[in-house]
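Naming: A, B, ... by sequence-line order, numbering from 1 per chain.
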Protein chains: 2
Amino acid sequence: MTAMAIAGTNRRERVTLGGRVHTELRELLMSGELAPGQKMSLRNVAEALGTSMTPVREAVARLVAEQSLEVLPNRAVRVPLMTRERFRELTTVRLAVEGYAVEEAARRRTEADLAAMRCFEDAFLAEARSPRPQAERAVRSNKELHFAVYRAAGLPTLVGIIEGLWLKIGPVLNLDLKVSPERLKTGGATEHHRRLVAAVEAGDGCAARSALVDDIKGAASFIESTGRLLDEAGPDLNRHPVGALAPEGETQPERDIATAHLGSR
Amino acid sequence: MTAMAIAGTNRRERVTLGGRVHTELRELLMSGELAPGQKMSLRNVAEALGTSMTPVREAVARLVAEQSLEVLPNRAVRVPLMTRERFRELTTVRLAVEGYAVEEAARRRTEADLAAMRCFEDAFLAEARSPRPQAERAVRSNKELHFAVYRAAGLPTLVGIIEGLWLKIGPVLNLDLKVSPERLKTGGATEHHRRLVAAVEAGDGCAARSALVDDIKGAASFIESTGRLLDEAGPDLNRHPVGALAPEGETQPERDIATAHLGSR
DNA sequence: TGCTGCGGTCTGTGATCACATTTAAGCTGT
DNA sequence: ACAGCTTAAATGTGATCACAGACCGCAGCA
């Protein structure tokens with residue numbers, strides 16, 4: 001019983017099973033469904049996805065290489081914890097790289113780019129104004145909007161770099177958004193988005209960068225205010241993960257979501 | 001016969017065999033010893049390195065993920081060809097990212113950083129002024145100098161991003177430097193380096209960026225002038241891997257035993 | 001009661017096997 | 001003698017096996 005027979009992977013495009021697992025874990029990380037500190041077992045992930053260990057190992061190796069996962073000295077694999085120092089560094093780099101991206105986007109955007117941006121902005125706006133906003137959708141719309149702008153810069157390499165940054169910072173960013181969805185209304189994100197899209201449309205790179213900087217800084221200061229970031233990585237914190245991917249004993253609700261999304265058999 | 005017994009990998013630090021292979025291939029790529037278009041066979045690489053296929057597969061998966069290698073639709077693995085369009089895109093991104101890095105470096109460099117920079121600058125200078133300059137050493141010194149500056153920015157994430165960029169553009173950059181070492185003297189690289197280090201030392205981020213931009217642009221225009229870049233990737237070029245950048249027929253002298261054994265078939 | 005060995009389970013890692021697909025040589029048929 | 005088909009070698013991919021080390025719990029001793 002090969003897993004190849006389970007999933008219809010005999011598509012024309014070359015999708016390796018390892019690539020599929022990589023994408024799967026990537027989405028889970030970006031959407032904040034895997035909390036920082038959460039430990040993962042290759043075998044459990046493989047079982048949850050209905051494959052063997054081999055593709056999982058390849059996917060995890062890739063994620064470890066791009067520092068979206070880390071392997072502890074004890075060989076345990078987990079979602080990296082985020083120290084305040086690291087968070088600030090990532091934010092600094094994001095400001096520089098994504099700021100440059102939106103400047104370029106303002107200069108080179110096409111009409112199709114603008115249409116995509118408006119579409120995702122509307123989606124985010126609708127979710128933020130909803131009486132019962134769903135963090136999941138808001139996170140996705142926010143991401144789609146940002147990357148619609150970044151893609152408009154016409155520099156695929158840069159988009160890839162930014163994806164790597166989001167993958168590193170996504171767990172903390174989106175986990176906190178899930179916990180406190182009221183930030184959607186009070187954070188001013190919708191206003192930043194409006195300014196960003198308008199500036200890109202007007203071709204004003206400077207204003208676009210300003211709007212993006214406000215957006216990023218706003219989210220960053222909120223995260224810092226939650227006090228969830230580590231001041232410094234204590235050695236004992238390596239021993240207390242938030243939870244394992246495969247629930248032992250009783251299953252927590254959000255872990256069920258993760259497992260449900262992982263299981264594709 | 002386990003390969004673990006071959007190499008003394010029982011160090012205190014956690015070095016997996018896959019990581020070792022990754023580093024090995026990474027160096028070969030950065031130093032331009034693997035020409036663009038060169039095909040690789042997992043089994044041959046494994047045999048050449050004295051390991052099994054598994055670590056090689058992991059390393060190649062990582063390199064493919066960061067687009068330093070690519071797998072063709074026929075599942076063949078090779079060093080990606082460089083189109084002119086892609087080269088220009090990478091250069092644009094490099095100008096933005098590395099330019100920001102040196103600006104930050106000028107602001108935050110310590111005395112230790114400056115010492116390291118001067119050290120590698122001298123090494124590069126000595127090699128460039130040598131009557132018989134060795135491309136290998138010059139390439140290494142150049143890289144060390146640049147990264148000494150980038151590290152001075154105090155943003156490890158940014159350094160990682162730049163490493164990824166160099167890994168993608170390294171094959172063409174350094175392969176051409178090997179073919180025509182006279183560029184060491186005529187390219188003005190030594191002058192750019194002097195200006196860069198001086199500006200960083202003086203804390204003048206603007207001048208530092210200017211020097212770096214000249215350095216990158218100088219090298220880029222030289223590469224473009226050689227005419228070795230592809231105008232557009234024709235579909236049949238997938239079948240003629242080595243021919244694009246490396247002359248086929250006779251094997252080049254620098255294609256040493258290790259490299260020759262690494263190739264497919 | 002509190003600490004210390006000690007065994008079993010589970011972890012990641014590397015090697016090996018199995019298979020579908022592709023590539024190249026060899027061979028047959030006119 | 002050459003085109004077309006067949007077959008054999010080789011490739012990447014996934015599954016499975018083997019193994020060293022870490023973690024956890026249980027028993028035994030002071």
Problem set entry | Pairwise 5' ranking along DNA chain C for B/Thr54 and B/Arg43, keeping only the more 5' one | B/Thr54
Roughly, in whole Å, what's the span from [atom1] in [X] to [atom2] in [N]?
X: B/Met53; N: C/dA15; atom1: CE; atom2: P; value: 11 Å
X: A/Glu47; N: D/dA15; atom1: CD; atom2: P; value: 13 Å
X: B/Asn44; N: D/dT11; atom1: CG; atom2: C1'; value: 10 Å
X: B/Glu58; N: D/dG14; atom1: CD; atom2: P; value: 14 Å

For this session: Report yes if a side-chain nitrogen or oxygen of A/Asn74 is closer than 4.0 Å to either non-bridging phosphate oxygen (OP1 or OP2) of D/dC23; otherwise report no.
Result: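 Indeed, a polar side-chain atom of A/Asn74 lies that close.
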For this session: Report yes if at least one side-chain N or O of B/Ser52 is closer than 4.0 Å to OP1 or OP2 of C/dG14; otherwise report no.
Result: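 False: B/Ser52 side-chain N/O out of range (4.0 Å or more) of C/dG14 OP1/OP2.
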Exercise. Do A/Arg57 and C/dG14 have a side chain to base donor-acceptor pair shorter than 3.5 Å?
Worked result: yes
Problem set entry | Main-chain N/O of B/Arg78 paired with B/Gln38 side-chain donor or acceptor, under 3.5 Å |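 Pair absent, no side-chain N/O of B/Gln38 close to backbone of B/Arg78.
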Exercise. Parallel, tilted or perpendicular: which fits the ring planes of B/Tyr150 and B/Phe147, with parallel below 30° and perpendicular above 60°?
Worked result: perpendicular
Problem set entry | B/Leu17 side-chain proximity, nearest of D/dG12, D/dG14, C/dA15 | C/dA15
Exercise. If you check every side-chain atom of B/Thr16, which of C/dT22, C/dG14, C/dT21 has the closest atom?
Worked result: C/dG14
Problem set entry | Helix axis bend for the helix from C/dT1-D/dA30 to C/dT30-D/dA1 - C1'-based end axes, five pairs, 10° rounding | 20°
